[in-house]
There are 2 protein chains.
Amino acid sequence: MTASETAAPKRVTRRRAQTRQRLLDAALEVFAEEGFGRSTVDQVCERAGYTRGAFYSNFTSLDELFLAMWEQRSGAMLDDLRDALDRLGDLETVSPDGALRAVLDAVPIDDAWYRVTAEFTAHALRNPSLRRVMAAREEAIHDTLLPLVEAALARAGRRVADRTGLGHALVAVHDGTSVQCLMEPDDEAVRQRREELFRHVVNAYSTAYSTQSEGALDE
Amino acid sequence: MTASETAAPKRVTRRRAQTRQRLLDAALEVFAEEGFGRSTVDQVCERAGYTRGAFYSNFTSLDELFLAMWEQRSGAMLDDLRDALDRLGDLETVSPDGALRAVLDAVPIDDAWYRVTAEFTAHALRNPSLRRVMAAREEAIHDTLLPLVEAALARAGRRVADRTGLGHALVAVHDGTSVQCLMEPDDEAVRQRREELFRHVVNAYSTAYSTQSEGALDE
DNA sequence: CGCATCCCATACATTCGCGTATCGAACGAA
DNA sequence: TTCGTTCGATACGCGAATGTATGGGATGCG
């Protein structure tokens, strides 16, 4: 039921890939503006510069496109995160605080994407197969994020006690604070509170095992 | 533009109030099942046991009903919370840990309501006037919640340093962990992680000012 | 009980969105 | 270039949802 096995492995030509991609990109914009439920095939096509013929030649339903789009974008975000973490991994001397900020910068708070995700989440709560998709993604996030977080904390003389607890906490805090930031886009204080909450959480889920732990996270 | 001033203060008869309420109740169910965007006036009316005539006699659009329903339900949840906190306030001897659990029980994780809220949030991000409605509600939550949290912590010999920071953190953690609980309804571990995260946050945002603080939150 | 008012059901016209079928044009391979 | 294949535009029919206008039945009040 996943997007990778919807159809026979047909030859994907250049054109096909391009229009498909343009439809996916247009869909993100339209869904963000109108909401997925209120969006129509026509709107997506018009935005992408095609007609409905192109759509039905590439997808069978809006739901299918929604899933494909979400998987692509969330995969891309995960890749970005991975890259940022890899780049960070090289710098052995980075402080935990700097690492935190770097990670937060690597996962930008994009409001179009948030709206889409919120609806996708609600949609997934109604659809068991989508739920599995989301669960798999969350697991991937944990696998990507935790090793570096643990490494950064280790350099600060801290050890993570509850690995999965920390992973879930980070994701929850990210989701929860993202809304707040988007609701008050111009309020810098909200962003600072977000960062501080992250600091507290990282701190709470790790314990110092070396007394001269320089660079502790909290004040 | 709020619901309280949408129309002239017409005389509200018994019948009108009843059908209006039934429509609101039906709307919650339908929106939860189908998603707000995919819901139709017909579906709501059928579920409530009326026809479209009843609907257009009480509301002008699905959007208006959505707002009215959300305000009513979120207000009710806030009242529940207030009641639970009042009842808790009487018991002077309650432990902070018990208080936390009581509050968490007072704000049940209702998946129908969560789905609706998720869509409403996404909707509010597109609509400035709805955004103000949500902001007002968040403020009301803080005003209700913080006094008791501070009182409970004071009894445990702890003082809250950053009041608003804690408020936002609690809401963010609630929102973020609710999804996780709903995604894996049968996994008790998720619920425990949620509770632990709350403990950590409450702890991180408060500091002990009495050394013999019995009943500290963390182990 | 009788009356005036209000509220909801019904019917209607209209618009909108969907999915399909078909055809011309763009593309890729020789 | 030429030919076969693929892709996307156009046109069509259909069903569904909307909003309104109107009428009948319920409700409240004397």
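Here is how names work: the chains are called A, B, and so on, in the same order as the sequence lines, proteins then strands, and each is numbered from 1. Here the structure is a predicted model, which is why all the values come from computation and not from measurement.
Between A/N58 and D/dG8 there is a side-chain polar atom (N or O) within less than 4.0 angstrom of OP1 or OP2. For the pair A/S57 and D/dG8, the criterion of a side-chain N or O lying under 4.0 Å from OP1 or OP2 is met. Remark: A/T13 is not in phosphate contact with C/dG28, judged by side-chain N or O atoms under 4.0 Å from OP1 or OP2. Within the structure, a side-chain polar atom (N or O) of A/T19 is placed less than 4.0 Å from OP1 or OP2 of D/dG8.
When the nearest nucleotides of DNA chain D are assigned to A/F55 and B/L62 by heavy-atom distance, the more 5′-ward of the two goes with A/F55.
Ion pairing between a basic and an acidic side chain is recognised when a charged N comes within 4.0 Å of a carboxylate O; A/D105 and A/R101 show no such pairing.
Closest to the B/D42 side chain, of the nucleotides D/dT18, D/dG8, D/dC7, is D/dT18. The listed nucleotides are C/dC8, C/dG28, D/dA9; the one nearest the side chain of A/Y50 is D/dA9.
For the pair B/L65 CG and D/dT18 P, the computed distance is 12 Å after rounding to whole Å. In this structure, A/Y56 atom OH and D/dG13 atom P are separated by 18 Å, rounded to whole Å. For A/R38 and D/dA17, the CZ to P distance is 12 Å, given to the nearest whole Å. Taking atom CZ of B/R16 as the reference point, atom P of C/dC7 lies 4 Å away to the nearest angstrom. Across the protein-nucleic acid pair, A/R14 atom CZ and D/dG8 atom P stand 14 Å apart, rounded to whole Å. Residue A/Q43 contributes atom CD, which lies 14 Å from atom C1' of C/dC18 at whole-angstrom precision. D/dA9 atom P lies 11 Å from atom CZ of A/R22, rounded to whole Å. Whole-Å rounding puts the B/Q18 CD to D/dG28 C1' distance at 15 Å.
In the interface, the side chain of A/R52 is not paired with the base of C/dG17 through any donor and acceptor atom under 3.5 Å apart. No N or O donor and acceptor, one from the side chain of A/R15 and one from the base of D/dG8, sit under 3.5 Å apart.
Side-chain contact between A/H200 and B/H200: absent, with no pair of heavy atoms (C-beta onward) separated by less than 4.5 Å.
In this structure, A/H123 and A/F66 have tilted ring planes: the angle between them lies in the 30° to 60° band. Between A/H168 and A/H142, the ring-plane angle classifies as perpendicular under the 30° and 60° cut-offs.
Backbone-only contact: B/T40 has heavy atoms under 4.0 Å from sugar-phosphate atoms and none from a base.
Tested against A/F120, the residues A/W70, A/Y114, A/F31, A/F36 include a single ring pair (Phe, Tyr, Trp, His ring centres under 6.0 Å) partner, A/W70.
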